[in-house]
Amino acid sequence: EPEPVTKADRYRDLLKAAILSGPQRLGDALAKFVEELVRSCIEPRELLALHVDGVQSLGAELGSRLSPQLLSRADLL
């Protein structure tokens with residue numbers, strides 16, 4: 001049985017898509033994710049940790065060649 005997809009997994013996927021295609025193309029997916037976060041009553045500190053962990057994880061995966069793009073797109077997201 002496959003493991004359930006976590007918020008961290010979904011955020012990381014959104015972040016990766018934002019890096020590759022730009023956050024402007026993620027409107028619907030981002031809106032659904034935000035609704036999920038609101039329903040789960042996520043704390044600001046948890047959201048920041050989700051973001052930082054996602055950026056660090058992708059940075060390690062993609063390497064330094066995409067670091068400036070990763071950081072600028074992550075800021076937009």
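Quick note: numbers below take in every heavy atom, side chains included, and nothing from hydrogens, waters or symmetry partners.
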Exercise for the section: Applying side chain to side chain donor-acceptor pair (under 3.5 Å), name anything that partners Ser72, two or more places apart in sequence or on another chain. Expected result: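 Ser72 satisfies side chain to side chain donor-acceptor pair (under 3.5 Å) with no residue once adjacent residues are dropped.
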Exercise for the section: Under the side chain to side chain donor-acceptor pair (under 3.5 Å) rule, collect the residues that match up with Lys7, sequence neighbours excluded. Expected result: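 Lys7 satisfies side chain to side chain donor-acceptor pair (under 3.5 Å) with Ser40 once adjacent residues are dropped.
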Problem - Least distance between heavy atoms, Val55 atom then Ala74 atom - result: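 Closest approach of Val55 to Ala74, heavy atoms only: CG2-CB, 3.7 Å.
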Handout entry: Nearest atoms (heavy-atom pairs only) where Ala17 meets Leu26
Key =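 Closest approach of Ala17 to Leu26, heavy atoms only: CB-CD2, 3.7 Å.
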Exercise for the section: Give a yes or no on whether Asp28 atom CG has more than 12 heavy-atom contacts from other residues, nucleotides or ligands under 6.0 Å away. Expected result: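 No.
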Problem - Listed partners of Val5 passing side chain to side chain contact (heavy atoms under 4.5 Å, CB included), at least two apart - result: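 Val5 satisfies side chain to side chain contact (heavy atoms under 4.5 Å, CB included) with Asp9, Arg10 once adjacent residues are dropped.
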Handout entry: Contacts of Ala29 that satisfy side chain to side chain contact (heavy atoms under 4.5 Å, CB included) - sequence neighbours left out
Key =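 Partners of Ala29 by the side chain to side chain contact (heavy atoms under 4.5 Å, CB included) criterion, ordered by chain and then number, come out as Leu14.
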Problem - Straight-line distance of Leu58 CG to Arg73 CZ, nearest 0.5 Å - result: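 Interatomic distance, Leu58 CG to Arg73 CZ, rounded to 0.5 Å: 13.0 Å.
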Practice task
Treating Ile, Leu, Val, Met, Phe, Trp and Tyr as nodes and any side-chain heavy-atom pair under 4.5 angstrom as an edge, say whether Leu47 and Val52 lie in one connected cluster.
Solution key: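 No, separate clusters.
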Problem - Pairs where residues 41-56 contributes a residue and the test side-chain hydrogen bond (donor to acceptor under 3.5 Å, both in side chains) is met, not counting sequence neighbours - result: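 Output for this query lists Tyr11-His51.
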